[in-house]
Amino acid sequence: MSNVVTRIAPSPTGDMHIGTARTALFNWLYARGRNGKFLLRIEDTDKNRSTDAAQDAILDGMKWLGLDFDGEPISQSKRAPRHVEIANKLLETGKAYKCFLTETEINDLRNLAINNKSPSAFRSPWRNALPSTFPKKPFVIRIKAPENGFTVIKDEVQGDIVIKNSQLDDMILLRSDGSPVYMLAVAVDDHDMGVTHIIRGDDHLNNAARQNLIYSALNWAIPVYAHIPLIHGEDGKKLSKRNAATSVIEYKKMGYPAAAMRNYLARLGWSHGDDEFFTDEQAKTWFNLQSIGKSPSRFDFKKLSNISKLHIANTDNAALLHELTGYLKAMGQPAFSQAQLNSLLKSLDFTKNAVKSFSELIEKNRFILQERPISLEPDIEERIKDLPLNVLKILTPQLQNVRWERNYLEELLNLVCEQIELKFRDVAPILRAALAGSSKTPSVFDMMIVLGRVETIGRLIEFEDTYKN
RNA sequence: GGCCCGUUCGUCUAUCGGUUAGGACGCCAGGUUUUCAACCUGGAAAGACGAGUUCGAUUCUCGUACGGGCUGCCA
């Protein structure tokens, strides 16, 4: 086992975001490809916004995406005592101080600084106050940021980022109610969990400097940073509910295989030469921090669909059936019957090659999932009247004796077409409507083979009876 | 306002000073065809802008523009 430890640290404040999923994937790939550990920490220090439902959504999302983490999820809020302990330690060693400013006083100070165009970050007047002057009022604990010099963030993606210490504010470590703030909790938890590589969104790039302050004050080793660009919507704006599906559960419901999501998401912002379609194993061995792009990338459903199509076509039938069953369950639909499963196993051979999602796959297999009487899809109903229904009268009796193999069926159909002087392309729509009630079906012959003689003839007769007019 | 980051075909990207700037998705055209598709062949399509360094810049430096982030007793 290597010493690599990564983590995903989402805050449970809603559905699991697709951006969180990609960050999780990168961390997972990095750790799993290096025999390291991948941990999950729930950042629930904001009690007002954190919910159990959101936490479950994260767990569900991780499970669906197949991103297994080591050990149990860690709750950040449960570690509050340790955060307080560290804050007090910082206080004792003079690396932090008590600040008695009220919120309105802080706002006034801040506005003043803005009006004066002050180039420096916030500093409290209590920064160097003597304990003898302390009032009997609630206080927060602030870190004492250095006045001079600069902090360098060595980032594997962004390069060396230099930030002047005068730009770093004396951020709050402990709120006036004694509860720890995110910035402190992150640093302490990452250290305590032994996280060696922090791969996260680049909205945290500036925060890294603040967190380094804490690491330095405690003499802790600074982890390797990799700040990855955020995902944008198709309109180039930050991903939001207005321009994209933001939660992973939506992608699950759209019927994209988890493997395709992993493939697509990995390729979004990271590359391995010209490789577009790859397996988890390849991704694990190929993934590296150096090949992560620096600019945000737009989410492209067309490309996702293409990757999804490739994955579905390359999945073996048994596994596909298993996933399809899970999809049905997720959609709250009844499970397949044993008969349907048996037919599906056969039809997957020719239906899985041209669909881009599980929902399309199911549509393709409508001829199996429907039972007599076959209901027609709306658009078919209108076209029925223009079709040469008499072909059924000639065809159906002959199906009784033909050998039930594809080439014999084709031969027979061609013969019948000659008889009635029509092209097969003209009669095919009738057969599709009769067999599947749809125009989006697999090959007529493939359907006949899977359905079998009895069911095929049954459907044709029923169709003729219903629509002969 | 201050600070930080980014910018190659419509989109995702390759290129680590010298290439006809490559691939993929999508798009267009043609072919095949048993529908929707799938499949095959071909095509159009890019270095934000301006300086500089250099024999030579997409690549290095600076500036501008545009986009993004941080600047909370949110995470």
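Sequence lines set the chain letters: A, B, ... in the order given, protein chains first and strands last, and positions in each chain run from 1. Excluded from the calculations below are hydrogen atoms, water molecules and symmetry mates; all remaining heavy atoms, backbone and side chain alike, are included.
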Under 4.0 angstrom, heavy atoms only, what part of the nucleic acid is [X] near: base, sugar-phosphate, or nothing?
X	value
A:R210	sugar-phosphate
A:M183	base
A:G293	nothing

For [N], which nucleotide is its Watson-Crick or G-U wobble mate, given both distances must be under 3.5 Å?
N	answer
B:rA57	none
B:rU11	B:rA24
B:rG30	B:rC40
B:rC49	B:rG63

Calculate the interatomic distance between [X] atom [atom1] and [N] atom [atom2]; express it in whole Å.
X	N	atom1	atom2	answer
A:N207	B:rC5	CG	C1'	14 Å
A:H204	B:rC4	NE2	P	20 Å
A:F299	B:rU11	CZ	P	16 Å
A:F278	B:rA14	CZ	P	13 Å

Below 4.0 angstrom from OP1 or OP2 of [N], is there any side-chain N or O of [X]?
X	N	value
A:K303	B:rC12	no
A:S176	B:rC73	no
A:S271	B:rC12	no
A:T45	B:rA75	yes
A:R298	B:rU13	no

Exercise. Mind checking whether A:F287 and A:W270 have ring centres under 6.0 Å apart?
Worked result: yes

Exercise. Does A:E363 pair with A:R366 as a salt bridge, N-O distance under 4.0 Å?
Worked result: no

Problem set entry | salt_bridge(A:R41, A:D190) N-O dist < 4.0 Å | yes

Exercise. Pick the nucleotide of RNA chain B nearest each of A:K302 and A:R110; which residue has the one closer to the 5' end?
Worked result: A:K302

Hey, is the side chain of [X] pairing donor to acceptor with the base of [N] inside 3.5 Å?
X	N	answer
A:D274	B:rG22	yes
A:K364	B:rA37	no
A:Q158	B:rG6	no

Exercise. In whole Å, what separates the P atom of B:rG6 from that of B:rU13?
Worked result: 15 Å

Exercise. Distance between the P atoms of B:rG67 and B:rU54, in whole angstroms?
Worked result: 35 Å

